[in-house]
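Just so it is clear: chains get the letters A, B, ... in the order the sequence lines come, proteins before strands, and each one is counted from 1.
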There are 2 protein chains.
Amino acid sequence: MNDELEQAIRTPLTANDGIDFSLIELFFFAYRDFTSDPDQILETYGFGRAHHRVVHFVNRMPGLTVAELLDVLKITKQSLARVLKQLIDMGYVVQIQGLRDRRQRELYPTSKGRELALALAAPQSRRIAGALDDLEADDRAVIEAFLKSMVDPHLRPQIDKLPGSVSGQDGNATRTN
Amino acid sequence: MNDELEQAIRTPLTANDGIDFSLIELFFFAYRDFTSDPDQILETYGFGRAHHRVVHFVNRMPGLTVAELLDVLKITKQSLARVLKQLIDMGYVVQIQGLRDRRQRELYPTSKGRELALALAAPQSRRIAGALDDLEADDRAVIEAFLKSMVDPHLRPQIDKLPGSVSGQDGNATRTN
DNA sequence: AATTTATGTCAGCTTTGTTGACATAAATTG
DNA sequence: CAATTTATGTCAACAAAGCTGACATAAATT
């Protein structure tokens, strides 16, 4: 029994099947290469992608608490603990007890951590700039709008909280210290 | 010693630092949610992302060999073996000995495998369509161009090989059979 | 006949995610 | 103030999906 269910299908799935395969695959390949740049740098530090994400958001939202970071990364505290501990022990991130709530640990980058975040972001930014160069000047807004629409609506407020985004340019956080 | 190196930096990294953080983060969040749809479906099958990729490309390039698949996925044959074996054992993929070269194993989806590929692609396609709806009709080309430019130039030929892509619309493979 | 190639498989390691359980200190609440 | 809740940390075990190295087999190539 079940004989025909084991039959090989020899025709490819195409756009004719009502699915946008071009953009699905383009998105897959683009992201694969987008992450390959920092991955190479991380190797030289003995770090992985998990470290990258932590260093990135600690630099973009200095003073965020452990709970807030977990919420952005959508991982468990045990997963975070592993990489965060290493980053703290090696002096890339420091914890400061919260002033209002002393149970909280506010996370800040050190200068070492800031340098690492910049080094990891640089090739990604370069790759994006190169891709934008191939477009019209005002197409940047199109890309931004598209990517934002791809994000789950209920998670978009998180994006707007980050400094220097489309809305909410700076707030008070960017006094050059 | 090293005292100031441990100092907390309290100012966030912003666009002023010469890095395109908006698009970096947008790309991260967009891809995270883009993959969350199929991930949920895969769970109900007891499969993971690795299975998704295999089923996807076997459906998009039926008859491709193990070596070709490894080249697209950029993983080792040992990594592939694990998930491919399961997909074959459970009747989602079949292997057929190559005619010209009988060492090769050509990979084809079964009807079960085709259905799975479609089920996984459907929500991703819907998400993309929804995002495109928020744009001008002809902005699709902008997105395609941008994503393609994000891919490493030497890997772009791989994309063009897929059916129904921007160039190379169909070839002979789409006879509806 | 010897070598190379395509594939499969065994064993073990790494990274990064998961769950569950339990500890501590600080804040909140009755 | 005592009891509870909250924020964080930590231990142990497990899973998915990468990796390397070693070795086997059959088929193609030299």
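Phosphate contact (OP1/OP2 of C:dT18, side-chain N/O of A:Thr76, threshold under 4.0 Å): present. In terms of phosphate contacts, A:Ser79 brings a side-chain nitrogen or oxygen within less than 4.0 Å of OP1 or OP2 of C:dT18. Taking only side-chain nitrogens and oxygens, A:Arg53 comes nearer than 4.0 Å to OP1 or OP2 of C:dG17. Distances shorter than 4.0 Å separate none of the side-chain N or O atoms of B:Arg49 from OP1 or OP2 on D:dA17. Phosphate proximity of C:dT15 to A:His51: absent, as no side-chain N or O sits under 4.0 Å from OP1 or OP2.
Atom CG of B:Asp101 is separated from atom P of C:dT4 by 17 Å (rounded to the nearest Å). Between the C1' atom of D:dA17 and the CD atom of B:Glu43 lies a distance of 16 Å, rounded to the nearest Å. Across the protein-nucleic acid pair, B:Leu80 atom CG and D:dA16 atom P stand 17 Å apart, rounded to whole Å. One can place CZ of B:Arg102 at 5 Å from P of D:dA27, the figure rounded to the nearest angstrom.
B:Arg105 contributes no side-chain N or O that forms a donor-acceptor pair with the base of C:dT7 under 3.5 Å. A donor N or O paired with an acceptor N or O is found under 3.5 Å between the base of D:dT6 and the side-chain atoms of A:Arg103. With hydrogens and angles ignored, no donor-acceptor pair closer than 3.5 Å exists between the side chain of A:Lys85 and the base of D:dG9. The base of C:dG8 lies outside donor-acceptor range of the side chain of B:Gln95, with no N or O pair under 3.5 Å. The base of C:dG17 lies close enough to the side chain of A:Arg82 for a donor and an acceptor atom to sit less than 3.5 Å apart.
Note that the CG atom of A:Leu155 and the CZ atom of B:Arg32 stand 5.5 Å from one another [nearest 0.5 Å]. Atom-to-atom distance recorded for B:His154:NE2 and B:Arg156:CZ is 9.5 Å, nearest 0.5 angstrom.
Nearer the 5' end of DNA chain D, as judged by each residue's closest nucleotide, is the contact made by A:Leu84, out of A:Leu84 and B:Arg100.
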Inset, instruction - Start with the C-alpha distance between B:Asp89 and B:Lys85, add both sets of side-chain angles, then the distance that settles salt bridge (Lys or Arg N to Asp or Glu O under 4.0 Å), and finish with yes or no. - result: CA-CA 6 Å; B:Asp89 289 350; B:Lys85 199 171 187 309; 3.6 Å; yes

Inset, instruction - Please report the C-alpha distance between A:Tyr108 and A:Glu106 in whole Å, then the side-chain angles of each, then the deciding distance to 0.1 Å, and finally whether the side-chain hydrogen bond (donor to acceptor under 3.5 Å, both in side chains) criterion is met. - result: CA-CA 7 Å; A:Tyr108 295 91; A:Glu106 298 175 352; 2.8 Å; yes

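Panel note: side chain B:Arg127, backbone B:Asp33; a donor-acceptor pair is recorded below 3.5 Å.
Closest to the side chain of B:Ala67, out of C:dT7, D:dA27, C:dT16, is C:dT7. Checked against D:dA7, C:dT7, C:dA21, the side chain of A:Lys77 finds its nearest nucleotide in C:dA21. Each of D:dA22, C:dG17, D:dT8 was ranked by its minimum atom distance to the side chain of B:Gln78; first place goes to D:dA22.
A tilted orientation is assigned to the rings of B:Phe28 and A:Phe57, their planes being inclined by 30° to 60°.
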Inset, instruction - Convert the base pairs of DNA chain D into dot-bracket notation, remembering that pairs crossing earlier ones are written with [ ] and that bases paired across to another strand are shown as |; include only Watson-Crick or G-U pairs under 3.5 Å. - result: ||||||||||||||||||||||||||||||

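Checked against the 6.0 Å centroid criterion, the rings of B:Phe47 and B:Tyr92 qualify as a close aromatic pair.
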